[in-house]
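Whatever order the structure lists them in is the order used to number ligands and atoms, beginning at 1. Numbers here simply count residues along the sequence, with the first being 1.
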Amino acid sequence: MTLNVTKIRTDFPILKRKIAGKPLVYLDNAATSQKPKAVIAAIDRYYQEYNANVHRGVHRLSEEATIAFEQSREKFARFIGAKTSKEIIFVRNATEALNLVALTWARANLRSGDRILLTEMEHHSNIVPWQMLAKEKGLRIDYVEIRDDGTLNWENFEQLIKERPKIFSLAHVSNALGTINPVRQMAREAHEMGATVIVDAAQSVPHMPVNVADLECDFLAASGHKMLAPTGIGMLYGRQDLLEHTEPLMGGGEMIKEVHLQGARWNDLPWKFEAGTPNIEGVIGLGAAVDYLTKLGMQNVREHEKDITRYAIERLANVKSLALYGTREIEKRGAVISFNLGDIHAHDLATILDTQGIAIRSGQHCAEPLMERLKVPATSRASFYIYNTRREADILVRALEKAAKMFKI
Ligand code: PMP
């Protein structure tokens, strides 16, 4: 066993909950993770002991809040291998991080007729901001196709990258299929063709070692709430030289060095991009979450998730009439399993499982183009994290077998 899951479970108060008289089996981690006591306590301590605005006051409380706030930035910078914490911009979520790149760096650097390359498996948050920019500036968007096994079609990528897109933006791990994309290999080719590489790491940073230098990416987006931290805190990594030469999106307090009636001078990185009072409690909670994950070891997290995913796939593959999506190669997938049971609609299935205390996701997973590609209206999705067990995978399988009997399929 790579993680002491029994011990980990005691750190998550919500896991003691019963739903309809049954123990909660929480398998919706790709949507958001549960929070350990250490994160809840860090936020509680902030409000009980040193609540104040950051970067402003010289009084003790403000100093303490600013130190905790900036320490969290340093912890996250180390966590993803950034060269300096100046490369970490705090935003609301991964969606805002991607929009921020689109509205600042990309808006300034792309011209009419330029191309953007995405993939068919992107979350809407890595499609729609680019469509909006494309409409504004007259850009063209191409999509790397996926193969039937849910991996990217390499030959198609090689063709499209030769068209010299200005941007190649892709998910590190697909939230709907679990596919882990070979980002580094693709980033190298993309850079050779002159593209800037943006990685949507919402589903990878919480689950495996992620290092921006190893990935060779220029920007990377992530969300705190999927990695044990509160909602409302997201992170954008950007290469320092790119951020230095990019104008901020929003103006106001915090993001300026000096303001006069006829103009203003921007603050240094990263504050240039952080106008207004930030989500201080969210950032402090993020710091505690990074500490918690660092202590477990991200390679251990990955090994644990591989074990449970392998086990769950083996068992699910034996459920009659169950269609599993995505590759079976465990090295190429994260802890997300999408499936359909016969012709039961995914929402009906999720509702039935809920009566047994099992929380799964159903629908299009904010990836409608992918659903069109798979030719399904929706899927059910079970996604695992550090506190899930093989026993919970068994409970899921038994509930699905029961549902199949109920619907006579
Ligand atoms: N990208 C991927 C791959 C995701 O799974 C998600 C969340 N489902 C997002 C982006 C957006 O994250 P958020 O809603 O936290 O902005």
| task | Identify whether the distance between the nearest side-chain nitrogen and carboxylate oxygen of E136 and R107 falls below 4.0 Å. | result |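 Yes, charged N to carboxylate O under 4.0 Å.
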
| Distance, nearest 0.5 Å, that separates OG1 of T66 from NE2 of H55 |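 NE2 of H55 is found 5.5 Å from OG1 of T66.
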
| said: Please output the residues near ligand 1 using a strict heavy-atom distance under 4.0 Å, listed in chain and residue-number order. | reply: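 The 4.0 Å shell around ligand 1 contains N93, A94, T95, H123, S125, N175, D200, A202, Q203, S223, H225, K226.
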
| message | Applying the ring pair (Phe, Tyr, Trp, His ring centres under 6.0 Å) criterion to F90, which one of F76, F273, F69 satisfies it? | response | F69

| Hey, are D11 and Y387 close enough side-chain-wise for a donor-acceptor pair under 3.5 Å? | no

| task | Without swapping roles, check the side chain of R164 against the backbone of M193 for a donor-acceptor pair under 3.5 Å. | result |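 Looks like yes, one N/O pair under 3.5 Å.
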
| Check: F157 ring centroid to F168 ring centroid under 6.0 Å |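 Under 6.0 Å, so yes.
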
